[in-house]
Novice: 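The structure follows.
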Amino acid sequence: MFSNLSLLWQAPALNVQLLLDGLCIGATFALAAYGLALVWGVMNVKNLCQGDMVILGGFITVTLAKNGIHPIFGLPVAIVVLFVYGWIVYRLIICRVIERDLFTSLLATFGLAIVMAQSMNLIFGPEVVTADAGLRSFSVLGGLVTIAQIKLVSLALAAALATVVIVFMKRSRMGQAIRATAQDARAARVMGIDTDRVYQFTYALNAAICGAAGVLISMIWTLQPFFGITHSIRAFVIVTAAGFGNLPGVIMAGFGLGFAEQYSGFLLGAQFQQATVVGLLVLILVVRQIQQARHRRAVA
């Protein structure tokens with residue numbers, strides 16, 4: 001660890017490399033986390049199969065790539081397929097637990113995550129795979145920093161998708177209905193908004209966002225049927241740190257998590273990257289608990 005730390009000090013270009021990698025990877029983290037923030041904030045459902053939806057979107061892209069379709073062109077396919085999948089899952093499962101207690105929704109989505117992981121294992125196999133976009137890398141700073149073109153493309157696509165979602169939420173009637181339902185579902189029903197339809201669309205939109213994130217991850221990282229839990233934990237870390245309805249906070253937290261993973265992987269080894277994510281989740285939960293305790297004492 002200390003030798004790697006000194007290496008960062010002696011070779012500042014390594015910091016540039018880690019920051020660029022963290023920026024590109026963090027953008028995909030933020031995209032999936034924004035979908036979770038929607039479901040959590042609007043429906044009060046903690047979607048434990050969030051990461052498995054990401055992995056499913058990635059496997060759709062890998063399958064298309066094996067059949068001669070470029071991974072980038074798999075993006076709209078994954079979005080549509082996951083949107084329909086989310087719509088069906090809501091009608092079959094989520095609508096039955098949305099009005100129940102927190103434990104019931106956690107148990108239902110956790111069970112769905114297990115079913116999805118095992119199904120993907122049977123359909124796609126247990127191997128670690130990636131989607132080759134056919135793009136190359138280039139060097140800057142005299143060859144000290146190497147940048148993969150697909151990472152820059154993924155960053156641009158993530159920014160474009162986030163912009164589309166933001167515009168949709170602000171300008172469309174459904175987006176306004178989602179925001180009204182998130183603020184006060186009972187008042188939204190009084191105003192004539194079909195909240196059940198809003199919930200269904202929100203969950204389907206979240207699934208579509210996860211599918212898009214999975215496409216980007218399949219091109220810049222690796223996929224395996226049981227990697228979903230790690231992406232779910234990442235999304236929970238980001239949303240817990242940023243809070244609901246705070247898109248700039250979600251983006252910054254996503255970038256921060258990407259940087260933290262890259263630096264921990266370099267300093268401690270790749271095997272400690274996931275430990276860093278879990279450690280950050282525990283730390284954020286402890287800080288939130290302390291803040292709530294202080295708030296309760298101040299109110300009392």
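Each residue takes its place number in the sequence, starting with 1.
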Novice: Out of curiosity, does Met116 fall in the hydrophobic cluster containing Leu92 (side-chain heavy atoms, cut-off under 4.5 Å, transitive links)?
Specialist: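 Yes, it is one cluster - the side chains of Leu92 and Met116 are joined through contacts under 4.5 Å.
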Novice: Backbone N or O of Thr63 within a donor-acceptor pair of the Asn67 side chain at under 3.5 Å?
Specialist: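 Such a contact is found between Asn67 side chain and Thr63 backbone.
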Novice: Between atom CD1 of Ile193 and atom CD of Gln176, what is the distance when rounded to the nearest 0.5 Å?
Specialist: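 Ile193 CD1 to Gln176 CD: 9.0 Å, rounded to 0.5 Å.
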Novice: Can you confirm whether Thr222 sits close enough to Val129 that some side-chain heavy atom of one is under 4.5 Å from a side-chain heavy atom of the other?
Specialist: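 No - every pair of side-chain heavy atoms lies 4.5 Å or more apart.
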Novice: Can you give me the closest heavy-atom contact between Cys49 and Leu112, atom names plus distance?
Specialist: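 Nearest pair, atom of Cys49 first, then Leu112: SG-CD2, 3.6 Å.
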Novice: Between Phe226 and Phe59, is there a shared hydrophobic cluster once you connect ILVMFWY residues whose side-chain heavy atoms come closer than 4.5 Å?
Specialist: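 Cluster IDs for Phe226 and Phe59 differ.
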Novice: Would you check, one step at a time, whether the test side-chain contact (heavy atoms from CB on, under 4.5 Å) holds for Met43 with Ile94?
Specialist: CA-CA 10 Å; Met43 304 166 59; Ile94 305 301; 3.6 Å; yes
Novice: Any chance you could measure Ile55, atom CD1, to Phe124, atom CZ, to the nearest 0.5 Å?
Specialist: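 So the CD1 of Ile55 and the CZ of Phe124 are separated by 11.0 Å.
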Novice: Output the distance between atom CG (Leu38) and atom CZ (Phe201), rounded to the nearest 0.5 Å.
Specialist: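 If I round to the nearest 0.5 Å, the distance is 10.0 Å.
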Novice: Please round to the nearest 0.5 Å and tell me the distance separating atom OG1 of Thr61 and atom CG of Leu223.
Specialist: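 One finds 8.0 Å between OG1 of Thr61 and CG of Leu223.
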Novice: Quick one: do Leu36 and Phe236 satisfy side-chain contact (heavy atoms from CB on, under 4.5 Å)? Show the steps, please.
Specialist: CA-CA 8 Å; Leu36 177 62; Phe236 270 83; 3.8 Å; yes
Novice: Can you find a pair of side-chain heavy atoms, one from Trp87 and one from Phe83, that are under 4.5 Å apart?
Specialist: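 Answer yes - side chains close enough.
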Novice: For the hydrophobic clusters of this structure (ILVMFWY residues joined by side-chain heavy atoms under 4.5 Å, transitively), does one cluster hold both Phe168 and Ile166?
Specialist: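 Yes, Phe168 and Ile166 fall within the same hydrophobic cluster.
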Novice: Testing the basics here: between Ala65 and Pro71, what is the closest heavy-atom pair and its distance to 0.1 Å?
Specialist: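 In terms of heavy atoms, the two residues are closest at CB-CG, 4.2 Å.
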Novice: So which heavy atom on Asp52 is nearest to which on Ala113, and how close?
Specialist: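 Shortest heavy-atom separation between Asp52 and Ala113 comes out as OD2-CB, 3.2 Å.
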Novice: Minimum heavy-atom separation for Gly254 and Phe29, please, with both atom names.
Specialist: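 Closest approach of Gly254 to Phe29, heavy atoms only: O-CD1, 4.3 Å.
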Novice: Would you check if the side chain of Ser172 reaches a backbone N or O of Met169 as a donor-acceptor pair within less than 3.5 Å?
Specialist: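 Between the backbone of Met169 and the side chain of Ser172 there is no qualifying donor-acceptor contact (under 3.5 Å).
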Novice: Within the structure provided, determine whether Leu82 and Ile60 are in side-chain contact (heavy-atom separation under 4.5 Å).
Specialist: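 The answer is yes, as the side chains (C-beta and beyond) meet within the 4.5 Å cut-off.
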Novice: Dump the intermediate steps for side-chain contact (heavy atoms from CB on, under 4.5 Å) on Leu257 and Ile238, then the final yes or no.
Specialist: CA-CA 8 Å; Leu257 183 60; Ile238 294 171; 4.0 Å; yes
Novice: Please say yes or no: joined through hydrophobic side-chain contacts below 4.5 Å, possibly via intermediate residues, are Val164 and Met174 part of one cluster?
Specialist: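 Shared cluster, no.
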Novice: Taking Thr109 for the side chain and Leu106 for the main chain, is one N or O donor matched with an acceptor at less than 3.5 Å?
Specialist: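 Yes; judged by distance alone, with no hydrogens or angles, the pair exists.
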Novice: What I want to find out is whether Asp196 reaches Arg91 closely enough, with some N-O distance under 4.0 Å, to be called a salt bridge.
Specialist: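 Salt bridge present between Asp196 and Arg91.
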Novice: Between Ala162 and Leu31, what is the shortest heavy-atom contact and its length?
Specialist: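 Minimum heavy-atom contact is N-CD1, 4.3 Å.
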Novice: Hydrophobic cluster mates of Leu107, side-chain heavy atoms under 4.5 angstrom, ILVMFWY only, any path?
Specialist: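 Besides Leu107, the hydrophobic cluster comprises Phe103, listed by chain and residue number.
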Novice: Tell me whether Val97 is reachable from Val89 by hopping between hydrophobic residues (I, L, V, M, F, W, Y) whose side-chain heavy atoms are closer than 4.5 Å.
Specialist: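 Not linked; separate clusters.
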Novice: Kindly compute the distance separating CD1 (Ile178) from CG (Leu205), expressed to the nearest 0.5 Å.
Specialist: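 The CD1 atom of Ile178 sits 6.0 Å away from the CG atom of Leu205.
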Novice: Distance from Gln224 atom CD to Asn121 atom CG, nearest 0.5 Å?
Specialist: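 Spacing of CD (Gln224) from CG (Asn121) equals 7.0 Å.
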Novice: So do Trp40 and Val239 actually touch side chain to side chain, heavy atoms under 4.5 Å?
Specialist: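 The answer is yes, as the side chains (C-beta and beyond) meet within the 4.5 Å cut-off.
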Novice: Do Gln50 and Asn206 have side-chain heavy atoms sitting under 4.5 Å apart?
Specialist: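 With C-beta onward as the side chain, the pair touches.
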Novice: Any side-chain heavy atom of Leu56 within less than 4.5 Å of one from Met120?
Specialist: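 In contact.
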Novice: Any non-hydrogen side-chain atom of Phe110 less than 4.5 Å from a side-chain atom of Lys46?
Specialist: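 Not touching, per the 4.5 Å side-chain cut-off.
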Novice: Kindly give the heavy-atom pair with the smallest separation between Ser232 and Leu48, and that separation in Å.
Specialist: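 Taking Ser232 first and Leu48 second, the nearest heavy atoms are OG-O, 3.3 Å.
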Novice: Of all residues at least two apart in sequence or in a different chain, which pass the side-chain hydrogen bond (donor to acceptor under 3.5 Å, both in side chains) check with Arg197?
Specialist: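 Applying side-chain hydrogen bond (donor to acceptor under 3.5 Å, both in side chains) to Arg197 gives none.
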Novice: Report yes if the side chains of Arg234 and Glu261 come closer than 4.5 Å at any heavy-atom pair, otherwise no.
Specialist: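 Yes, their side chains come closer than 4.5 Å.
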Novice: Run the side-chain contact (heavy atoms from CB on, under 4.5 Å) check on Asp132 and Met219 step by step: do they pass?
Specialist: CA-CA 6 Å; Asp132 184 10; Met219 294 189 292; over 6 Å; no
Novice: Does Met252, at its CE atom, have more than 12 non-hydrogen atoms belonging to other residues, nucleotides or ligands within less than 6.0 Å?
Specialist: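 Not more than 12 within 6.0 Å, no.
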Novice: Is the distance between the ring centroids of Phe227 and Trp221 under 6.0 Å?
Specialist: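 Distance test on ring centres: not under 6.0 Å, no.
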